[in-house]
Amino acid sequence: MSEPDTAEPMSATATDVPTTSDAVDAPLLEVDGLRKEFGGVTAVDGASFRVAPGSLTGLIGPNGAGKSTTFNCITGIHEPTGGTVRFDGQDVTGLAPYTLAKRGLVRTFQIARELSEMTVLENVMLAPPGQRGESATRAVLPGLREQVQEAEREVVDAAWETLDFFEIDHLAHENAGSLSGGQRKLLEMARVLSTDPEMVLLDEPLAGVNPTLEEKLLDRVDELRRDGLTFLLVEHDMDVIMRHCEHIIVMHQGQVLAEGDASTIQSDERVLEAYLGGDV
Ligand code: ADP
Ligand code: MG
């Protein structure tokens, strides 16, 4: 494979530390030389990494390292200033969130104000459609009405199933706005999962979540992985990252500083320095 363009000196990555994700033969997600500038601020500065299918990969780094911006560039919220994003072997750089969702690549969103006035069940039913190509081909005229009714039933059934899976089915008829912070996080997860995704990006899904719900959420992630889903997780809680992620990518100042498994990361002095460096 060709090297990413290295026009600028990249002192932080100039060592021979094994970059494990280079060894992923068929990555589901491949980010190459990603850049994002906001006016004079370079939020992401040539980040490259790969995510193996079926993995739970952690993306960590001090505040301001560029993690959220990276997520936003991958999922079409921001258009990258440079670099490429490949998903499932295809160049998806700059595609709109809706298009990416149809292909199976989604991120969680905070429940918007309008949606907080709808019920939990409605929220899950309203999530963007899945990509599995059911509806369009089925809408042939004869028997259309029955088919529409059947499709609606399926949406409702699927929504209940998702709520049940996250154990928030007892809240189905509550307004989303009345949920606790932790329950809301479960609903955010339920919403993206109802789109039948292949890969889910989670940006601090445990913020404000109590330990019981946290366990529940992490259990669900593990269960979904067994079903073949792929996760990329940004999380502050190092303990969670080290215990649950088999591969960890460390960002610092918009670049990938190090990556590897938990023990590799924990013994990497540059990682320690980045966290202690106080670039916050
Ligand atoms: P992290 O999620 O790792 O804390 P971010 O991606 O949020 O980091 O931010 C990286 C850098 O980009 C920070 O310096 C931040 O202030 C800046 N930044 C992020 N979003 C914007 C924006 N919309 N406009 C201007 N600067 C931004
Ligand atoms: Mg962030």
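Atoms within a ligand are numbered from 1 in the order they appear, just like the ligands themselves.
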task = Look at atom 1 (P) of ligand 1 and say whether a protein heavy atom is found at less than 4.0 angstrom from it.
result = yes

query = Under 4.0 Å from atom 19 (C) of ligand 1, is there any protein heavy atom?
reply = yes

inquiry  = Under 6.0 Å between ring centres: does that hold for His78 and Phe38?
reply    =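 Yes, ring centres under 6.0 Å apart.
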
query = Looking at Met238, Glu259, Met251, which one forms a side chain to side chain contact (heavy atoms under 4.5 Å, CB included) with Ile60?
reply =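 Exactly one pass, corresponding to Met238.
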
ask   = With a cut-off of 2.8 Å, does Ser68 place any N/O/S atom under that distance from the Mg ion (ligand 2)?
value = yes

Verdict with reasoning, Val240 to Leu206, per side-chain contact (heavy atoms from CB on, under 4.5 Å) = CA-CA 10 Å; Val240 166; Leu206 304 177; 3.9 Å; yes

Using 4.0 Å as the upper bound for N to carboxylate O, is an ion pair formed by [Y] and [X]?
X	Y	result
Asp45	Arg35	yes
Glu246	Arg225	yes
Asp239	Arg243	yes
Arg270	Glu273	no
Glu198	Arg103	no

Using a plain distance cutoff, I'd like to know if [X] has any nitrogen or oxygen under 3.5 Å from a nitrogen or oxygen of ligand 1.
X	result
Ala43	no
Gly66	yes
His78	no

inquiry  = Test your reading of the model: is there a side-chain donor-acceptor pair from Thr75 to the backbone of Phe71, 3.5 Å cut-off?
reply    = yes

key: Atoms of ligand 1 close to Ala65 [distance to a heavy atom under 4.0 angstrom, numbered from 1]   =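 It comes down to these atoms of ligand 1: 1 (P), 3 (O), 8 (O).
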
key: Interfacing atoms of ligand 1 (cut-off 4.0 Å, heavy-atom, Asn63)   = 4 (O)

Name the closest protein heavy atom to [atom], giving the residue it belongs to and the distance to 0.1 Å.
atom	value
atom 6 (O) of ligand 1	Thr69 OG1, 2.5 Å
atom 4 (O) of ligand 1	Gly64 N, 2.8 Å
atom 17 (C) of ligand 1	Val41 CG1, 4.1 Å
atom 7 (O) of ligand 1	Ser68 CB, 3.8 Å
atom 23 (N) of ligand 1	Phe38 CE2, 3.5 Å

